[in-house]
Amino acid sequence: MASLSLKHIYKKYPGGVTAVSDFCLEIKDKEFIIFVGPSGCGKSTTLRMIAGLEEITEGELYIGDKLMNDVAPKDRDIAMVFQNYALYPHMTVYENMAFGLKLRKTPKEEIKRRVEEAARILGITNLLDRKPKAMSGGQKQRVALGRAIVRNPKVFLLDEPLSNLDAKLRATMRTELTKIHQKVGTTFVYVTHDQVEAMTMATRIVVMKDGVIQQVDTPQNLYDKPVNMFVAGFIGTPQMNFVNCVLEKRDDGAYITFEGHSIKLPPEKAADPALNDYFGKEVVAGIRPECIHDEPIYLSSMPDNVLDVDVDVTELMGAEIYLYICIGEQNLIARVSSRSQARAGDRISVAIEASRIHLFDKDTQKYIIH
């Protein structure tokens, strides 16, 4: 098994295009690290540099304690799983999984043992005699994983492996991948643009934008303590609401005001010295959809933070309802109970959970307080 160390990695293409800038990351042995970010943020390029499929322009890559910059992909002891599965159509599942071991002249008995063990872990023992055309997307994905597992690599690299599956199968495969990681006990480096995949599977998440790491943290810390507005908006469904407001200091505490409304910050937030430079200035308030409530119990327990809003659209999601609401020029999304009676066109009262408001600097977009 192996740890990875990426030290000041850059990827520059001819014409002055920089795809990845100053990428520094220490990945521990057996971690499940996920690179996440919008299309074009450099996450797949970084993965391909780890695999040796892209040349590193600057910086150093270590797998274990060995410098890998000039080592050929086949000698890096890594296995890569692609989103299109890359299976040989004329071979059976067994032959697909055994192919890499045959090239390495592994004894037949050892090949048989490894393939059967991987098939058992993945629940595809009954498919070993089938060819890819006779399998579903989820089955093909398991075979692609099996082909990687039989090699016992130090590191698994997975490039959007679930993106070709339907929503229900994706959810099932997320659970399966987490179980496989626990069983195999190998370092996983995984790329996706789907933050739900990242939040549910990763031990740590690397959030990227324009080739630059924005934040590396556990899923919970990313959600609760985003370092800037990009991370705050990227992590969470529906995404965080951002409200332009003014931070005010009054005799009875600190308030944020917008569109003629005021929300009182709780004493512990108001006392934070980080706010001192921002009183009387414009800031951006970040409010998660689940922190906006329309239930009577919240309206009565948070009288300082009740606002009247207009409901534009409602979306029933089964266990909950998304309310698209507006306060003057500000549009917000609230995630409320499916028992809510609010309907499009209604004017309703909502309570804002001020203890969970994030404040960001309007210019730098960095967090002020969480």
Side-chain angles (χ1 to χ4, degrees), residues 1-4 27 29-32 47-48 50-54 61-66 68 70-162 164-165 169 172-191 201:
M1 304 308 124
S3 57
L4 280 84
I27 301 174
D29 185 26
K30 298 181 185 176
E31 264 202 292
F32 198 136
L47 196 76
R48 290 171 67 81
I50 296 171
L53 302 175
E54 290 274 2
L61 166 69
Y62 291 86
I63 297 179
D65 53 3
K66 187 178 177 187
M68 289 287 169
D70 300 319
V71 176
K74 66 183 176 63
D75 300 322
R76 293 192 180 197
D77 204 0
I78 52 103
M80 191 153 180
V81 180
F82 299 91
Q83 69 185 82
N84 62 356
Y85 320 131
L87 301 177
Y88 296 109
H90 61 288
M91 293 183 183
T92 64
V93 168
Y94 184 96
E95 290 165 343
N96 263 288
M97 289 170 68
F99 186 69
L101 298 178
K102 282 182 181 172
L103 289 181
R104 287 174 172 73
K105 309 253 186 313
T106 308
K108 275 187 178 178
E109 280 305 307
E110 176 67 6
I111 291 175
K112 185 172 186 291
R113 186 189 67 77
R114 286 203 206 174
V115 170
E116 287 176 353
E117 170 68 6
R120 186 187 60 76
I121 290 172
L122 292 162
I124 54 172
T125 305
N126 61 322
L127 303 177
L128 290 175
D129 295 326
R130 279 199 207 173
K131 290 189 175 172
K133 67 181 178 185
M135 294 188 297
S136 68
Q139 291 169 332
K140 288 177 188 172
Q141 189 59 74
R142 281 189 172 87
V143 176
L145 281 165
R147 190 175 52 191
I149 288 170
V150 296
R151 290 175 47 199
N152 294 331
K154 287 181 179 174
V155 183
F156 277 91
L157 306 178
L158 301 102
D159 191 4
E160 305 211 25
L162 308 184
N164 288 344
L165 306 181
L169 191 51
T172 306
M173 284 301 293
R174 284 203 304 265
T175 312
E176 291 299 317
L177 274 171
T178 305
K179 288 180 187 170
I180 290 163
H181 174 250
Q182 290 164 354
K183 284 179 186 171
V184 176
T186 308
T187 309
F188 273 44
V189 185
Y190 186 108
V191 161
M201 294 193 295

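Between Leu4 and Met68, every side-chain heavy-atom pair lies at or beyond the 4.5 Å cut-off. At a threshold of 4.5 Å between non-hydrogen side-chain atoms, the residues Arg142 and Met173 count as touching. Between Ile63 and Val71 the shortest side-chain heavy-atom distance does not fall below 4.5 Å.
More than 12 non-hydrogen atoms from other residues, nucleotides or ligands lie less than 6.0 angstrom from CG of Asp75.
Contact between Ile50 and Leu61 at its shortest, heavy atoms only, is CA-CD2, 3.7 Å. Nearest approach of Asp29 to Ala2, heavy atoms of both residues: OD1-N, 3.1 Å. Between Ala51 and Pro73, the shortest heavy-atom distance links the atoms O-CB, 3.4 Å.
Residues passing the salt bridge (charged side-chain N to carboxylate O under 4.0 Å, His left out) test with Glu160: none are found, sequence neighbours excluded. Listed by chain and residue number, nothing satisfies the side chain to side chain contact (heavy atoms under 4.5 Å, CB included) test with Asp70 (two or more places apart in sequence, or in another chain). Partners of Phe156 under the ring pair (Phe, Tyr, Trp, His ring centres under 6.0 Å) rule, at least two apart in sequence or in another chain, are Phe188. Lys179 is linked by a side chain to side chain contact (heavy atoms under 4.5 Å, CB included) to Thr175, Glu176, counting only residues two or more places apart in sequence or in another chain. A search for salt bridge (charged side-chain N to carboxylate O under 4.0 Å, His left out) contacts involving Arg174 returns nothing, not counting sequence neighbours.
Counting only residues at least two apart or in different chains, salt bridge (charged side-chain N to carboxylate O under 4.0 Å, His left out) contacts with residues 109-123 comprise Glu110-Arg113, Glu110-Arg114, Lys112-Glu116, Glu117-Arg120. Sequence neighbours left out, not one pair with a member in residues 122-146 passes ring-ring contact (aromatic ring centres under 6.0 Å, His included). Residue pairs that meet the ring-ring contact (aromatic ring centres under 6.0 Å, His included) test with at least one member in residues 117-147, sequence neighbours left out, do not exist here. Pairs engaging residues 103-133 under the ring-ring contact (aromatic ring centres under 6.0 Å, His included) rule: none recorded [sequence neighbours left out].
Atom CD1 of Ile124 and atom NZ of Lys140 lie 13.5 Å apart (nearest 0.5 Å). With values rounded to the nearest 0.5 angstrom, Asp159 atom CG is found 9.5 Å from Tyr190 atom OH. Within the model, atoms CE of Met201 and CG of Leu162 stand 5.5 Å from one another, a figure rounded to the nearest 0.5 Å. Met80 CE to Arg48 CZ: the interatomic distance, rounded to the nearest 0.5 Å, is 6.0 Å. A distance of 11.5 Å separates CD1 in Ile180 from OG1 in Thr186, rounded to the nearest 0.5 Å. Note that NE2 of His181 and NZ of Lys30 are 9.0 Å apart. Values are rounded to the nearest 0.5 Å.
The main-chain N or O of Ile78 is found under 3.5 Å from a side-chain atom of Arg151 such that the two form a donor-acceptor pair.
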Just distance, no hydrogens or angles: give the donor-acceptor pairs under 3.5 Å from side chains in residues 91-101, sequence neighbours left out.
| residue | atom | partner | partner atom | Å |
| --- | --- | --- | --- | --- |
| Thr92 | OG1 | Glu95 | N | 3.2 |
| Thr92 | OG1 | Glu95 | OE1 | 3.4 |
| Glu95 | OE1 | Thr92 | N | 2.9 |
| Asn96 | OD1 | Tyr88 | N | 2.8 |
| Asn96 | ND2 | Tyr88 | O | 3.1 |
| Asn96 | ND2 | Met91 | O | 3.3 |
| Asn96 | ND2 | Thr92 | O | 3.2 |

For residues 128-136, tabulate all N or O donor-acceptor pairs below 3.5 Å that involve a side-chain atom, not counting sequence neighbours.
| residue | atom | partner | partner atom | Å |
| --- | --- | --- | --- | --- |
| Arg130 | NH1 | Ala134 | O | 3.3 |
| Ser136 | OG | Gln139 | N | 3.3 |
| Ser136 | OG | Gln139 | OE1 | 3.4 |

